[in-house]
Protein chains: 4
Amino acid sequence: MLNRTVLVGRLTKDPELRYTANGVAVANFTLAVNRPFSNQQGEREADFINCVIWRKQAENLASYMGKGSMVGVDGRIQTRSFDNQEGKRIFMTEVVAESVQFLESRNSNQGKQGGQPGNTSNQTQQNQGGFQPQQESQSSGQEPFDNAEPVDLSDDDLPF
Amino acid sequence: MLNRTVLVGRLTKDPELRYTANGVAVANFTLAVNRPFSNQQGEREADFINCVIWRKQAENLASYMGKGSMVGVDGRIQTRSFDNQEGKRIFMTEVVAESVQFLESRNSNQGKQGGQPGNTSNQTQQNQGGFQPQQESQSSGQEPFDNAEPVDLSDDDLPF
Amino acid sequence: MLNRTVLVGRLTKDPELRYTANGVAVANFTLAVNRPFSNQQGEREADFINCVIWRKQAENLASYMGKGSMVGVDGRIQTRSFDNQEGKRIFMTEVVAESVQFLESRNSNQGKQGGQPGNTSNQTQQNQGGFQPQQESQSSGQEPFDNAEPVDLSDDDLPF
Amino acid sequence: MLNRTVLVGRLTKDPELRYTANGVAVANFTLAVNRPFSNQQGEREADFINCVIWRKQAENLASYMGKGSMVGVDGRIQTRSFDNQEGKRIFMTEVVAESVQFLESRNSNQGKQGGQPGNTSNQTQQNQGGFQPQQESQSSGQEPFDNAEPVDLSDDDLPF
DNA sequence: TTTT
DNA sequence: TTTT
């Protein structure tokens, strides 16, 4: 059935890259999407939308985008439930990104570096928009993905 | 910022119609949206997506659609947080429907009736698709909205 | 770059199924999508949107849906140009359907028949919503695709 | 009926701002949207999608965005037909933008200037994303809309 | 060239 | 008639 979501927003923090037991990459991230209208106090609020992305695109996102980066996401809404530490069933809703477009990387130099757009490609045949962020800060030869924690994750939620 | 969701799914139960203290109608409902692929056990799963709809459309939805009805929704994702009974902060994600399209009403006769499409209109200038479900079961002269509980609800989440 | 379109509408005629020289199935169809508002004369108008769909889904669409059937489409806008008979460059815009959902087949018995939903599947792993139209008229043992014209078509527009 | 399109792309030229006889602003523009895959020659192509936008947002777009600017569009597909000079019926398809998000203005200094984001607002209650393009070139006190041609246009296509 |  |  039809289930389609398109978002443009900014990462609230660096994406969290992990690997399933089978070595499949997954990244979780939250998008702050500003609302187009003001609330009754006249303030602009934002929605904080949890997203997941799989495989190569997860790795690219973690390499090139960080806290504050602006991305476009095309995906679908997925709901899951699991039992938390207190044995209570928790329901969660997130967007499974089928493709991401890099619209702007964060412009600060501190924190995670941007990798080397020159020699690494953020383009995969299958999905994205090939926008090469120009204001990308790129200085160190830092190894990409080094903060990925290859923990034991189940492949259960793997789509397709 | 761009925030757009389009869904087609079935109501998991009758919509819950309420009114804010100012008399604004709101309906909450959950859509079961079947996934287009099977899981690792070869089963087809569904996502259960919480939705809200406001004003006239809330009333129309509650009048004409019930458990099992198929609807299309065009809206945006909204996140909210509130403190539950145990004082724990709960985050929730839902789709604010800006327009709904009635694709098929449930075909059973029991439970909530379909209202009188003949004299009540489910068409508003602003939004929807004017599909008049033909297999609509319509037999009783039951008053519409009679199961709406006009409780005290805040207008805080009222969009626009 | 983001390019996403979701439509729900009715086929203005039976889909036209063809095959490229390499045997790839393509179907063209037009969707009448009713507008949610009235024009200045107080009439409801519709948009007539050209769509294309490829491979297995093209065949399924041609087998099960016909003039008047209601479908949901999830795809992207594509523009093409070609030189017409008079040597004039023609620009056209159409929606490439990545997945279709069968919402309702036409309810008349005349014209193309609906095939045998009982033994043929309109579900493919990759895409659609598995809605089994219940009011489907199914009577003849008519061979599916028999009105497909396996003409010489180029694969140039084949996406992915 | 559901009819939703979301695009991110670049203006192929400066938007064309006009006014109807009743003084309603309309801007036409074309978006180049790069495809996420390569063709059989290994080249990346783009779709060139015609768009229209009405009222205040038309004026804002014309003031702040020009050839090469990147924008996000949330709207719906509309088809129209008219008879051309040779008396031939022409069908056209375009996207009616309900909201636009300014993602990046062109970074050149020549050509149309960017107006004064400081004192003019590109934010309207109704629609857009409030992104303030930071690399905006802003130097001249050029009057906004001065290249708008207040020609005689019909209000016929005015939506809502 | 348009659907219910 | 097309953008980076």
Side-chain angles (χ1 to χ4, degrees), chain A residues 101-104 117 123 129-136, chain B residues 101-104 117 123 129-136, chain C residues 1-3 7-16 28-35 43-51 65-73 79-81 88-93 103-108 111 135, chain D residues 1-3 7-16 28-35 43-51 65-73 79-81 88-93 103-108 111 135:
Chain A
Q101 185 182 5
F102 298 168
L103 292 168
E104 190 201 293
Q123 301 178 12
F131 175 74
Q132 218 49 279
Q134 280 118 34
Q135 54 287 67
E136 178 65 84
Chain B
Q101 186 182 7
F102 298 168
L103 292 168
E104 189 202 292
Q123 303 180 9
F131 176 72
Q132 217 49 278
Q134 281 119 31
Q135 55 288 63
E136 178 66 83
Chain C
M1 284 165 143
L2 295 177
N3 181 345
L7 306 169
V8 170
R10 291 183 184 278
L11 301 195
T12 60
K13 38 177 143 95
D14 288 354
E16 292 170 27
N28 293 282
F29 59 102
T30 299
L31 238 47
V33 182
N34 297 315
R35 296 191 183 161
E43 308 146 344
R44 292 306 217 64
E45 294 178 73
D47 294 294
F48 297 97
I49 303 172
N50 295 320
C51 302
M65 300 280 113
K67 182 178 180 184
S69 297
M70 194 178 195
V71 303
V73 157
T79 57
R80 292 188 287 138
S81 66
K88 216 190 137 206
R89 170 125 281 176
I90 299 296
F91 293 87
M92 63 165 299
T93 299
L103 292 168
E104 190 201 293
S105 45
R106 73 258 102 107
N107 35 14
S108 81
Q135 53 287 68
Chain D
M1 283 165 144
L2 295 178
N3 182 345
L7 304 170
V8 170
R10 292 182 182 278
L11 302 196
T12 59
K13 38 178 143 98
D14 288 353
E16 292 170 28
N28 292 283
F29 59 101
T30 298
L31 238 47
V33 182
N34 298 315
R35 295 192 184 160
E43 309 147 345
R44 293 304 218 66
E45 293 179 72
D47 294 294
F48 297 96
I49 303 171
N50 295 320
C51 302
M65 300 280 113
K67 183 180 181 185
S69 298
M70 195 177 194
V71 303
V73 157
T79 56
R80 291 188 287 139
S81 66
K88 215 191 137 205
R89 172 125 281 174
I90 299 296
F91 293 88
M92 63 165 301
T93 299
L103 292 168
E104 189 202 292
S105 46
R106 74 257 101 108
N107 35 15
S108 81
Q135 54 288 63

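Every chain is numbered from 1 and lettered A, B, ... according to where its sequence line falls, protein lines coming before strand lines. Computed from a predicted model, the values in this text were never measured in an experiment.
Between C:Glu16 atom CD and E:dT2 atom C1' there is a gap of 12 Å when expressed in whole angstrom units. Nucleotide F:dT3 holds its C1' atom 12 Å from the CG atom of D:Asp47, rounded to whole Å. Going from atom CE of C:Met92 over to atom P of F:dT1 covers 17 Å, rounded to whole Å. Separating the CG atom of D:Leu103 from the P atom of F:dT4 is a distance of 15 Å, rounded to the nearest angstrom. Taking atom CE on D:Met65 and atom P on F:dT4, their separation rounds to 14 Å, with Å as the unit. The interatomic distance linking C:Phe48 (CZ) with E:dT1 (P) rounds to 11 Å, in whole Å. As rounded to whole Å, 14 Å separates atom P of E:dT4 from atom NZ of C:Lys13. Per the geometry, CG belonging to D:Asn28 stands 19 Å off P belonging to F:dT1, to the nearest Å.
For the pair D:Val8 and D:Val33, the tightest heavy-atom approach, listed with the atom from each and the gap, is O-CG1, 3.5 Å. For C:Cys51 against C:Leu7, the heavy-atom pair with the smallest separation is SG-CD1, 4.4 Å.
When side chains are defined from C-beta on, C:Met1 counts as touching D:Asn34, because their heavy atoms get closer than 4.5 Å.
Picking from F:dT2, E:dT4, F:dT3 the nucleotide with the shortest atom distance to the side chain of C:Asn34 gives E:dT4. The side chain of D:Thr30 sits closest to F:dT2 out of E:dT3, F:dT2, F:dT3. Side-chain atoms of C:Thr12 lie closest to E:dT3 of the nucleotides F:dT3, E:dT3, E:dT1. Set against E:dT3, F:dT2, F:dT3, the side chain of D:Asn50 has F:dT2 as its closest nucleotide. Across F:dT3, F:dT2, E:dT3, the shortest atom-to-atom separation from the side chain of C:Phe91 is found for F:dT2.
A distance of 11.0 Å separates OG of D:Ser81 from CE of D:Met92, quoted to the nearest 0.5 Å.
Counting non-hydrogen atoms under 4.0 angstrom, D:Gly9 reaches nothing in the nucleic acid.
In terms of the side chain to side chain contact (heavy atoms under 4.5 Å, CB included) criterion, residue partners of C:Thr30 (sequence neighbours excluded) are, by chain and number, C:Thr12, C:Phe48, C:Asn50.
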